There are 2 protein chains.
Amino acid sequence: MGKQMTEMLKGTLEGIVLAILAGSPAYGYDITARLRDKGLTDIAEGTVYALLVRIEQRGLVDVEKRPSEKGPPRKVYSLNAQGGEYLEEFWKTWSFLSGRLEQLRNEGR
Amino acid sequence: MGKQMTEMLKGTLEGIVLAILAGSPAYGYDITARLRDKGLTDIAEGTVYALLVRIEQRGLVDVEKRPSEKGPPRKVYSLNAQGGEYLEEFWKTWSFLSGRLEQLRNEGR
DNA sequence: ATCACTACCTAGTGCTACTATGTAGTGGTA
DNA sequence: TACCACTACATAGTAGCACTAGGTAGTGAT
């Protein structure tokens, strides 16, 4: 992946995953697949699992273990109330930064 | 500053500074002040200087030393051709990510 | 002589995504 | 049986970036 994208994902990937979970609960392998569907093709599995461990430890998600017919049991993550608040904060932060950047881009024309 | 903002700036602050330099050449102290004007009030001076060293070493900017009436000599940075290309890449990367996030945000409503 | 402002610089820290690899379960196939 | 492909989770080590917390210099005002 491009180095720019790698750096830009720092701070945003977390929000992206939380937003996905806000849509519906999901497990790591599934989240990785969904990210690929969204065009974020090169996000490593390991990155997603590490991120999930982090947000779980921060109490932003609830976890439930469910058997799978096709492999090892799944760890299904769902956004809880605290995670919802955190996601709202994320959108605010992102809106602000996004606004500044859009402004800068328009000035350069 | 908020932790979310700190992480989100990784990868974007570089683009912001390059975009500022695309507008007109500037020196570190000045860039810091301009960032504050834009509402990015808590960006540390040290962060800006470290960033300038980095983009200079990568050959994205040209540097010229000019005397100041009010203090030590200024190091004036200006975007060169390579920096311009890099900035364009940055906008592409940012547009892509921005689009994905906007889409995710709208799905959640 | 001290303070405030201008102007630059750096060592150490924390956080995050990546690389690379490993472990386990299920089903198909040669 | 042995091997492969897919599903599913996990982790140790690395690189890169913003932050903290200082420091050095030059100029002018009180």
Side-chain angles (χ1 to χ4, degrees), chain A residues 1-18 25-36 40-58 60-61 63-77 86 90 93 97, chain B residues 1-18 25-36 40-58 60-61 63-77 86 90 93 97:
Chain A
M1 193 164 24
K3 214 192 94 204
Q4 286 185 338
M5 182 60 90
T6 292
E7 290 307 320
M8 224 179 278
L9 280 172
K10 293 181 181 176
T12 54
L13 183 57
E14 186 178 279
I16 291 171
V17 169
L18 290 175
Y27 53 98
Y29 192 78
D30 185 32
I31 291 170
T32 305
R34 290 203 213 177
L35 290 171
R36 294 198 205 287
L40 298 163
T41 51
D42 290 322
I43 292 182
E45 258 193 287
T47 300
V48 175
Y49 286 111
L51 195 159
L52 289 172
V53 167
R54 235 156 49 217
I55 61 178
E56 182 187 354
Q57 282 173 348
R58 283 197 215 138
L60 306 179
V61 289
V63 191
E64 194 191 345
K65 214 164 204 170
R66 284 191 215 161
S68 163
E69 318 82 34
K70 293 184 174 178
R74 297 165 175 164
K75 281 180 73 177
V76 178
Y77 295 81
Y86 190 86
F90 170 81
T93 305
L97 202 58
Chain B
M1 193 162 24
K3 213 195 97 205
Q4 286 186 338
M5 183 61 90
T6 292
E7 291 306 321
M8 225 178 277
L9 281 171
K10 293 181 182 178
T12 54
L13 184 58
E14 186 177 278
I16 291 171
V17 169
L18 290 175
Y27 53 97
Y29 192 80
D30 186 32
I31 291 170
T32 305
R34 289 204 213 177
L35 289 172
R36 295 198 204 288
L40 298 163
T41 51
D42 291 320
I43 291 181
E45 257 193 288
T47 300
V48 175
Y49 287 111
L51 195 159
L52 290 171
V53 167
R54 232 157 52 217
I55 60 179
E56 182 187 354
Q57 282 174 347
R58 283 199 215 137
L60 306 179
V61 290
V63 190
E64 194 191 344
K65 213 163 204 171
R66 285 191 214 160
S68 162
E69 319 83 32
K70 293 184 176 179
R74 298 165 174 164
K75 281 179 74 175
V76 177
Y77 295 82
Y86 190 86
F90 170 81
T93 305
L97 202 57

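Only heavy atoms go into these numbers, but all of them, side chains included; no hydrogens, no water, no symmetry mates. Note that the structure is a prediction, hence the values are computed from the model and not measured. Each chain gets a letter, A, B and so on, in the order its sequence line appears, and its residues count up from 1.
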Whole angstrom value for the distance that separates [atom2] of [N] from [atom1] of [X]:
| X | N | atom1 | atom2 | answer |
| --- | --- | --- | --- | --- |
| Arg36(A) | dT7(D) | CZ | P | 11 Å |
| Ile43(B) | dC17(D) | CD1 | C1' | 12 Å |
| Gln4(A) | dC17(D) | CD | P | 11 Å |
| Arg34(A) | dA8(D) | CZ | P | 13 Å |
| Leu35(B) | dC19(D) | CG | C1' | 15 Å |
| Leu9(A) | dA18(D) | CG | P | 15 Å |

Taking every non-hydrogen atom, the tightest pair across [X] and [Y]:
| X | Y | answer |
| --- | --- | --- |
| Thr93(A) | Met8(B) | CG2-CE, 3.7 Å |
| Tyr86(A) | Lys3(B) | OH-NZ, 4.5 Å |
| Ile43(A) | Thr32(A) | O-CG2, 4.2 Å |
| Pro25(A) | Val76(A) | CB-CG1, 3.8 Å |
| Pro72(B) | Ser68(B) | O-CB, 3.5 Å |

Any side-chain N or O of [X] under 4.0 Å from OP1/OP2 of [N]?
| X | N | value |
| --- | --- | --- |
| Arg54(B) | dG16(D) | no |
| Lys75(A) | dA10(D) | yes |
| Lys3(A) | dC17(D) | yes |

Next on the checklist: Does Lys10(A) contact dG16(D) through a side-chain donor or acceptor facing the base, at a distance under 3.5 Å?
Outcome noted: yes
Checklist entry - Passes side chain to side chain contact (heavy atoms under 4.5 Å, CB included), Leu52(A) versus Val63(A)? Steps please. => result CA-CA 10 Å; Leu52(A) 289 172; Val63(A) 191; over 6 Å; no
Checklist entry - Is there a side-chain contact between Ile31(B) and Leu51(B) (heavy atoms, below 4.5 Å)? => result no
Checklist entry - From the 5' end of DNA chain C to its 3' end, which nucleotides mark the outer limits of contact with chain B, defined by a 4.0 Å heavy-atom distance cut-off (strictly under)? => result dT6(C) to dT16(C)
Next on the checklist: Go through it in stages, so that I can follow the logic: the residues are Arg58(A) and Glu14(A), the test is salt bridge (Lys or Arg N to Asp or Glu O under 4.0 Å), and I'd like the CA-CA distance, side-chain angles, deciding distance and then a yes or no.
Outcome noted: CA-CA 12 Å; Arg58(A) 283 197 215 138; Glu14(A) 186 178 279; 3.1 Å; yes
Checklist entry - For residues 44-52 of chain B, which residues have at least one heavy atom under 4.0 Å from DNA chain D? => result Ala44(B), Thr47(B)
Next on the checklist: Keeping Gln4(A) on the side-chain end and Phe90(B) on the backbone end, is there a donor-acceptor pair under 3.5 Å?
Outcome noted: yes
Item to check | 5′-ward residue of the pair Ser68(A)/Gly11(A) relative to DNA chain C | outcome: Gly11(A)
